[in-house]
Amino acid sequence: MSVRVRFAPSPTGYLHVGGARTALFNWLFARRHGGKLVLRIEDTDEARNTEEARAAILDGLRWLGIDWDEGPEAGGDYGPYFQSQRKDIYDRYLAQLQAADLVYTEENGSVRFKFTRRPITVIDLVCGDVTFAATEEPDMTVRRPDGSYIFHFVNVVDDIEMGITHVIRGEDHLSNTWKHIDLFNAFGKSAPIYAHIPLILNPSGSKMSKRDEGSSIESYQQAGFLPAAVFNYLCLLGWTPRADSEKLDRDTLVSLFDAKEIHSSNARFDIGKCKWLNSQYLREMEPKALLDASRHQLSQAGLPIEKASHAAAILQSVKEKVSLLSEFPAWVHYFFRDDYPYEVEVVAKLRAKEDNSTLLEAAGKALEAVGDWTEDSIHAAIELAAKEQAVKPGALMPLLRGALSGQMRGPGVATMAHLLGKSAVLNRIHQAQNVI
RNA sequence: GACCCUGUCGUCUAAUUGGCUAAGACAUCCGACUUUCUAUCGGAUAACUGCGGGUUCGAAUCCCGCCAGGGUUGCCA
C-alpha cells in the first residue's frame, strides 16, 4: 500500500513554526517513501477562519518549498479538500453511526458518540505503543446543534475518505488519539499508523504558540532568513539526520529521513543556531541570487538599485560577514548614496592625528593617477602612497575605510574603492579632509 | 486532580543498543591573523547524564520510587 499522509491546518492564523515543521515531516515522509502529501484545510469553525489566514498558510508552505500533491490549487481525486465543502460526506458517515446505534442526540440537538470504554492502544512510530485505559470521560460531541461537525469527527472521516496511511502530527494530539481510534473502529476501519512529533517550545519552555515572538513563518521571511536555511533548521528540531554535517540540502534530508528516528522529547527553538545556518547558506549563494533574495530588503531601506550586476557585486563583497539578508543595508548603504553618516569612531579616528589629512591627500593623489581602476592597481596605489609618506599601509587603510564608508568595518578597502568608482572615491576623500 | 509524553553542557543533540577519559554543533569567553569586521583560524569554559535506590564485573542505557517540565482532559483545531 502506498503511503498517503496529510497536513491539515486550520486557517485561523498565520503558519507558525510548529505547523510548518509538521508539514515538513509529512513532506519528508511522503517524498522518502514515494507517497502522496495531501493538504487539507480544516475550516469547520466558521467563526474563526479567515481568507487571509488560508492564503498565509499556502504562502508559507510555498516559501519553504513544501509542495503538496493533492489539495487546494493542486486538485486530486479525494476532494473537496476544504472541510467546509464536505458536509454531505459527514452527514453520510453520521448516518452510518446512527444506523449502528453508536450515537445519540441530546435535547439541544447536539450529537454525541458513545465511547467504547475499553482500553485503546495507539501504534506510534515515535512514542511506541501507548495504551490508554478505558475512559471515564463523557461521550464525545461530534456534531453541534447547528449541524456543524467537531474536529475529532471530521478528522477521522477525512482520513478514512482520503485513504491516509500515516498520521504525522504534533504530540499535543497524542492524548486524544484514542478517541480517534474509537471512531475508526466504529466505522469498521483500522486506524492509521501514527507518529506524534515533539513540540517546539518557546524560550520560556512552553508550547510555541501563535502569540509567541518569532512564531510565524512570515516573520522569518521578513527578517531575512532564506527558506532553505529555515527548512534545514526545522528538520534539526526533533530529528538528527545521520550525517557528518548539519547543513543538508533537501534531497539529502529526504534520503536520510526515518520517522522512527524522530525524538520524543520537546525541543526549544534556538534562533541563534537558525541564524548561523542561514549564514552558511548565504555565503554559498551566487551574486545574482543574492541580489534577487535581497531586493526587498534593499528597497525597504531606501537603497536604489541602478545596475543589477553592480549591486550584486556589492552584496557579494560582504556576504560572508552577515547572517541575515536584513543585515545587508547597514553594511552597504554607503555604496548606494553619498550622504552616508560617519560613525563616531570614524570621526575620532580621522581626528586622532594631525597629519591624517596629509595622508589622505597623498592617497587621493595616488588614486587619481590610477588609470586602470582595478582592485590590484588601487591596492598598489595605496601602498605606494603609504610608502611615500613613510607610514605602514596599516596606518592609511583605516583612514580610507572611514572616509569612503563612514564605518570601521566592511569589505577590503581596495574592493570598496573599486566598487565605489574613481570619482566617488576622490570626492569622499576630499570630504573626509574637511572633517579633520 | 487524572491521564499521556519527556528529562545528557546555556541551547540542539551523539554515545557502535550494557563496555575506553560522555562526543559534536550553536552560543559564550580568550588568543592569533588581517587595513576593518558580527569574517577567518586556534584554544578554553561548560553535563555527578533530574534526584534516590536497585540489578550487574560494569549503567546515560535495564528495574522501582520520587521530582521537574511539557501536553491532554471543549459543542477549538
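Convention: sequence-line order gives letters A, B, ...; per-chain numbering from 1. Here the structure is a predicted model, which is why all the values come from computation and not from measurement.
The P atoms of U73(B) and U17(B) are separated by 40 Å, rounded to the nearest whole Å. Spacing of P atoms, G19(B) relative to A32(B), comes out at 44 Å, to the nearest Å. Across C33(B) and A15(B), the matching P atoms stand 40 Å from one another, rounded to whole Å. The C1' atoms of G52(B) and G7(B) are separated by 15 Å, rounded to the nearest whole Å. For the C1' atoms, the distance linking A77(B) with C64(B) amounts to 39 Å, nearest Å. Across the P atoms, G69(B) and G31(B) are found 40 Å apart, a figure rounded to whole Å. Taking the C1' atom of each, U38(B) and C51(B) are spaced 41 Å apart, rounded to whole Å. Straight-line distance between the C1' atoms of C5(B) and G24(B): roughly 27 Å, to the nearest whole Å.
Heavy-atom nearest nucleotides on RNA chain B were determined for E261(A) and for P398(A), and the one closer to the 5' end corresponds to E261(A). When each of E171(A) and W276(A) is assigned the nucleotide of RNA chain B bearing its nearest heavy atom, the one mapping closer to the 5' terminus is E171(A).
Checked by atom type and distance alone, the side chain of K114(A) pairs as donor or acceptor with a backbone atom of D101(A) at under 3.5 Å.
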Can you tabulate the close N/O pairs, meaning under 3.5 Å, that link protein atoms to atoms of nucleotides 39-42 of chain B?
unit_1 : atom_1 : unit_2  : atom_2 : d
A39(B) : O3'    : R283(A) : NH2    : 3.4
U40(B) : OP1    : R283(A) : NH1    : 3.0
U40(B) : OP1    : R283(A) : NH2    : 3.4

Using nucleotides 7-12 of chain B, report all nitrogen or oxygen pairs with the protein that are shorter than 3.5 Å.
unit_1 : atom_1 : unit_2  : atom_2 : d
C12(B) : OP1    : R268(A) : N      : 3.2

Tabulated below should be each protein N or O lying under 3.5 Å from an N or O of nucleotides 49-51 of chain B; please produce it.
none

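Applying the Watson-Crick and G-U wobble criteria (two distances, each under 3.5 Å), G10(B) pairs with C26(B). Base pairing of U40(B) is made with A32(B), judged by Watson-Crick or G-U wobble geometry with both donor-acceptor distances under 3.5 Å. Remark: C3(B) base-pairs with G71(B); criterion is Watson-Crick or G-U wobble with both hydrogen-bond distances under 3.5 Å. Under the Watson-Crick or G-U wobble criterion, with both distances below 3.5 Å, A15(B) is left unpaired in every strand shown. For A59(B), there is no paired nucleotide, since no Watson-Crick or G-U wobble pair has both relevant distances below 3.5 Å. A 3.5 Å limit on both hydrogen-bonding distances identifies G50(B) as the Watson-Crick or G-U partner of C66(B). Pairing partner, A77(B): none, since no Watson-Crick or wobble contact has both distances short of 3.5 Å.
Checked for salt-bridge contact, K321(A) and E327(A) miss the test: no charged N lies under 4.0 Å from a carboxylate O. Ion pairing between a basic and an acidic side chain is recognised when a charged N comes within 4.0 Å of a carboxylate O; E51(A) and R54(A) show such pairing. In summary, R428(A) and D338(A) engage in a salt bridge, as defined by a charged side-chain N under 4.0 Å from a carboxylate O. A salt bridge is absent between E70(A) and R6(A): the closest approach of a Lys/Arg side-chain nitrogen to an acidic carboxylate oxygen does not fall below 4.0 angstrom. Between E161(A) and R92(A) a salt bridge is recorded (basic side-chain N to carboxylate O distance below 4.0 Å). Contact check on D159(A) versus K189(A) returns no salt bridge, with no Lys/Arg side-chain nitrogen under 4.0 Å from an Asp/Glu carboxylate oxygen.
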Check: residues 164-171 of chain A side-chain donor-acceptor pairs under 3.5 Å, at least two apart:
unit_1  : atom_1 : unit_2  : atom_2 : d
T165(A) : OG1    : R4(A)   : N      : 2.9
T165(A) : OG1    : R4(A)   : O      : 3.2
R169(A) : NH1    : T177(A) : OG1    : 3.2
R169(A) : NH1    : H196(A) : NE2    : 3.3
R169(A) : NH2    : H180(A) : ND1    : 3.0

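Among the nucleotides C5(B), U13(B), U38(B), the one closest to any side-chain atom of T240(A) is U13(B).
At a cut-off of 3.5 Å, with distance as the only test, no side-chain donor of S323(A) or N278(A) sits close to an acceptor on the other residue. The closest side-chain donor-acceptor pair between D158(A) and Y78(A), if any, does not fall under 3.5 angstrom. Side-chain contact, T415(A) with E375(A): a donor N or O sits under 3.5 Å from an acceptor N or O.
Using a 4.0 Å heavy-atom criterion, one finds that P393(A) contacts no nucleic acid atom at all. Residue-level contact check: R242(A) touches the backbone only, with heavy atoms under 4.0 Å from sugar-phosphate atoms and none from bases. Counting any heavy atom pair closer than 4.0 Å across all strands shown, G272(A) reaches sugar-phosphate atoms only and no base atom. Among the protein residues, V130(A) comes within range of the sugar-phosphate backbone only, with heavy atoms under 4.0 Å from sugar or phosphate atoms but none that close to a base.
In this structure, CH2 in W27(A) is found 8.0 Å from CG in L253(A), a value given to the nearest 0.5 Å.
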**Prompt:** Passes salt bridge (Lys or Arg N to Asp or Glu O under 4.0 Å), R117(A) versus D139(A)? Steps please.
**Reply:** CA-CA 10 Å; R117(A) 299 185 186 282; D139(A) 288 331; 2.9 Å; yes
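Aromatic ring centres of W239(A) and F257(A): separated by under 6.0 Å. The ring of F113(A) has its center no closer than 6.0 angstrom to the ring center of F153(A).
A syn base is found at U17(B): its glycosidic angle is within 90° of 0.
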**Fill in**
B/S/- along nucleotides 72-77 of chain B (protein heavy atoms under 4.0 Å) is SS-BBB
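Screening residues 382-396 of chain A for salt bridge (Lys or Arg N to Asp or Glu O under 4.0 Å) gives no qualifying pairs among residues at least two apart or on separate chains.
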